[in-house]
Amino acid sequence: MPARLDPVLCALGLLAVLLVPWFLFAPGIGQALWTLQAGVDLLTVGLAWRLYQVPKTNRYARRFWLAVAVGMGSSAIADSYQTALVLGGHPAGEVSIVQTGLVVAGMVVVVITMLCHPLGGAGRLRLRLWLDAATVLTAVAVFLWYFLLAGELSGDGRAADRLAAAATSAVMLLVTFALIKMLFSANAPFQQWPGVIGTLGVTGTAVAAPLAALLMEHSDPRILYLAQLLPCLLIPISLRMQELLNRRNAEVPVATRSKRFSRLPYAAVAATQLLLVLALPGVGADLKIWGVAAGVLVSTALVLVRQQAAFHDNERLLAEISRRDEWFGALAQHASDTTIVSDGDRRVTYSSPSAVRLLGLRDGDDTGTDLGGRIHPDDMPVVAELFTRMQAAGTAAAELRILHVDGTYHWTHVVGTDLLDNPNIRGLVWNGRDVTEARRLQDELRHQATHDALTGLANRFLLQQRVHAADSDRPVSVLVIDLDGFKQVNDVHGHHAGDQVLIAVADRIRTVVRDGGTVARLGGDEFAVVLPATDPDRAAALAATISRVVGEPIAVTGAEVVVGASVGCSTGTPAEAERMLRDADDAMYRAKQARRGLVGHHR
């Protein structure tokens with residue numbers, strides 16, 4: 001469906017078309033000029049105020065549109081005053097000093113606001129912006145001087161009129177400069193095309209009438225009035241265009257474009273050169289001067305063409321770099337692995353977006369982070385070994401616990417590469433992946449493989465490992481424990497009660513042994529204890545304590561039961577693990593035979 005035509009823009013365009021025959025042929029043009037001028041000012045005030053009220057506009061843009069509304073409001077008062085004078089018989093061509101003062105005051109407010117507007121960018125980018133703006137400003141100043149100021153300041157009219165014209169032109173020059181500066185910036189409160197049209201309107205109000213007078217041999221007041229009013233219509237047109245663009249994209253009411261290279265400064269240089277040639281006939285230039293001028297024009301044209309070709313190549317190169325950066329950024333943004341670069345002091349100089357997720361920091365807070373301060377203290381020996389292997393082989397890997405901002409440590413598989421000698425990197429590159437869940441699952445599987453599911457005690461496999469890991473220079477004692485009367489508990493109270501008895505017995509044995517050894521469940525109602533650095537006498541005493549503690553009543557669901565414990569002991573070296581288990585098992589059976597008939601049912 002075709003886009004609807006905007007009625008405001010259509011009305012302004014129609015008014016511009018009708019002004020031409022009206023000002024050329026209709027009577028009373030002087031009164032119409034100032035009446036229409038005041039009306040255009042009031043319309044501009046309304047449009048600027050609507051832009052000020054646009055939601056989601058940042059404070060700098062709102063300040064700019066408020067200044068435009070205030071400045072144009074002052075101009076509306078000035079032109080209304082001038083209209084009243086003209087309607088009262090004052091010559092339309094003689095501008096009142098009051099009107100000039102109000103216009104200048106309003107434009108000064110706009111200029112100050114625009115000059116304080118943030119440019120965006122920094123360093124060389126900001127310098128380039130100011131140089132481009134200064135180049136265009138110089139060209140505008142030359143045109144204003146040639147077509148307006150020089151004639152006004154050297155004219156034969158009254159001094160007050162000349163000063164008023166000079167002041168108006170000077171403030172328009174400042175407005176033009178400020179608009180050009182904002183056009184080059186990345187934070188302009190308007191889009192590009194409305195900004196260009198508004199700049200042309202402001203510049204036209206200063207130079208259009210004098211230019212028309214210069215080009216015409218006899219200055220016709222109707223032509224001069226028309227040249228004065230038509231550029232003024234460009235200002236509300238530009239504001240209305242900006243409002244329509246804001247409506248189309250309500251989320252971005254302010255221009256945030258990224259400008260690379262502008263051709264406007266080079267166009268300004270070319271225009272200044274052409275103006276120089278235009279001025280030569282008026283000074284009676286001879287053939288030598290014309291030859292030099294032609295050489296300057298040709299040289300300037302060649303430089304400009306060469307610069308445009310360089311711009312084309314640079315923009316194509318920047319577009320390719322931008323595509324590659326976007327491609328790399330998308331990969332880094334969604335990669336599960338993290339890439340961090342640190343300096344020799346282990347401080348972060350670069351991190352991929354996933355590093356923010358790994359460390360739990362807000363975006364940008366990770367730069368400068370001390371990696372050493374985020375490593376678990378128990379893993380510092382692993383870090384030292386990792387650096388040693390990196391120095392030897394260039395690359396090394398390890399699993400470390402890294403502190404998250406929530407106060408927990410996350411297991412991370414880290415691959416470090418030493419690129420301190422690489423002039424393009426000059427850092428240590430760390431590639432990491434959060435393996436906390438995998439590590440937890442691994443630990444859980446390892447625990448299940450070495451521990452009893454019901455009691456949480458070590459199983460036979462872990463028991464044998466603990467025997468072999470004991471000090472070979474000191475004796476190791478092994479206790480084997482078998483419950484007496486356990487089958488009767490299962491038969492009378494059920495297997496659930498039997499499980500409760502096994503858990504209670506495991507807790508009692510663990511309490512007796514404490515940290516002096518390893519308690520294991522070998523299966524069924526059979527337990528074992530490994531006691532490193534323990535002689536037979538101490539092992540026998542501990543066995544008696546276990547037998548006594550286990551024999552105390554145990555509360556189960558709905559009842560209280562009593563089981564006994566037959567304990568066998570054996571002492572030897574870690575290398576005799578199998579022999580000690582057999583001997584302790586035989587001793588346990590002998591103890592059970594001695595206790596037969598004392599407690600419950602025995603095998």
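Residue indices begin at 1 and follow the sequence shown.
For Pro532, the side chain to side chain contact (heavy atoms under 4.5 Å, CB included) partners at least two apart in sequence or on another chain are Ala470, Val530. Residues satisfying the salt bridge (Lys or Arg N to Asp or Glu O under 4.0 Å) criterion with Asp471, sequence neighbours excluded, are absent altogether. Partners of Tyr409 according to the ring pair (Phe, Tyr, Trp, His ring centres under 6.0 Å) rule, which considers only residues two or more places apart in sequence or in another chain, are His376. Judged as a side chain to side chain contact (heavy atoms under 4.5 Å, CB included), and not counting sequence neighbours, the contacts of Thr408 are His404, Asp406, His410. Residues meeting the salt bridge (Lys or Arg N to Asp or Glu O under 4.0 Å) test with Arg440, sequence neighbours left out: Glu437, Glu444. Qualifying salt bridge (Lys or Arg N to Asp or Glu O under 4.0 Å) partners for Arg62, counting only residues two or more places apart in sequence or in other chains: none. Residues passing the salt bridge (Lys or Arg N to Asp or Glu O under 4.0 Å) test with Asp418: none are found, sequence neighbours excluded. With sequence neighbours excluded, no residue forms a ring pair (Phe, Tyr, Trp, His ring centres under 6.0 Å) with His413. Taking the side chain to side chain contact (heavy atoms under 4.5 Å, CB included) definition, one finds that Val341 meets it with Thr349, Tyr350, Ile425, Val429, sequence neighbours left out.
No side-chain heavy atom of Val70 sits less than 4.5 Å from a side-chain heavy atom of Thr113. The side-chain heavy atoms of Met390 and Thr417, taken from C-beta on, include no pair separated by under 4.5 Å. When side chains are defined from C-beta on, Leu462 counts as touching Asn459, because their heavy atoms get closer than 4.5 Å. Proximity of Leu239 to Leu51: side-chain heavy atoms (C-beta onward) are separated by under 4.5 Å at one or more points. Contact check for Arg426 versus Leu419: no side-chain heavy atoms found under the 4.5 Å cut-off. Here the side chains of Ile375 and Leu403 are not in contact, with every heavy-atom distance at 4.5 Å or above.
Side-chain contact, Thr573 with Glu576: a donor N or O sits under 3.5 Å from an acceptor N or O.
Heavy-atom minimum distance, His468 versus Ala577: CE1-CB, 3.9 Å. The two residues Met72 and Val45 come nearest to each other via the heavy atoms C-CG2, 3.4 Å. What you find for Val110 and Gly71 is that their closest heavy atoms are CG2-CA, 4.0 Å. The two atoms that bring Gly456 and His451 nearest to each other are O-CD2, 3.4 Å, heavy atoms only. The shortest non-hydrogen separation linking Met107 to Ser75 is CE-OG, 3.7 Å.
The salt bridge (charged side-chain N to carboxylate O under 4.0 Å, His left out) pairs that include a residue from residues 445-467 are Asp443-Arg446, Asp452-Arg521, where partners are two or more places apart or lie in different chains. For the ring pair (Phe, Tyr, Trp, His ring centres under 6.0 Å) condition, the pairs that include at least one residue of residues 377-403, sequence neighbours left out, are Phe387-Trp430. For residues 392-403, the salt bridge (charged side-chain N to carboxylate O under 4.0 Å, His left out) pairs, not counting sequence neighbours, are Asp379-Arg401, Glu399-Arg439.
In this structure, Trp65 CH2 and Trp49 CH2 are separated by 14.0 Å, a value rounded to the nearest 0.5 Å. Here the CG-CZ distance, from Leu66 to Arg59, works out to 14.0 Å after rounding to the nearest 0.5 Å. To the nearest 0.5 Å, atom CG of residue Asp6 and atom CG of residue Leu12 are 8.5 Å apart.
Other residues, nucleotides and ligands contribute over 12 non-hydrogen atoms within 6.0 Å of the CG atom of Asp378.
The side-chain contact (heavy atoms from CB on, under 4.5 Å) test with Val529 singles out one residue from Thr534, Thr518, Leu457, Val513, and that residue is Val513. Among Thr199, Ile197, Val202, the single residue meeting the side-chain contact (heavy atoms from CB on, under 4.5 Å) criterion with Ile235 is Val202.
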field: Asp507 vs Arg510, side-chain contact (heavy atoms from CB on, under 4.5 Å): CA-CA, chis, key distance, verdict
entry: CA-CA 5 Å; Asp507 291 339; Arg510 192 157 34 203; 2.7 Å; yes
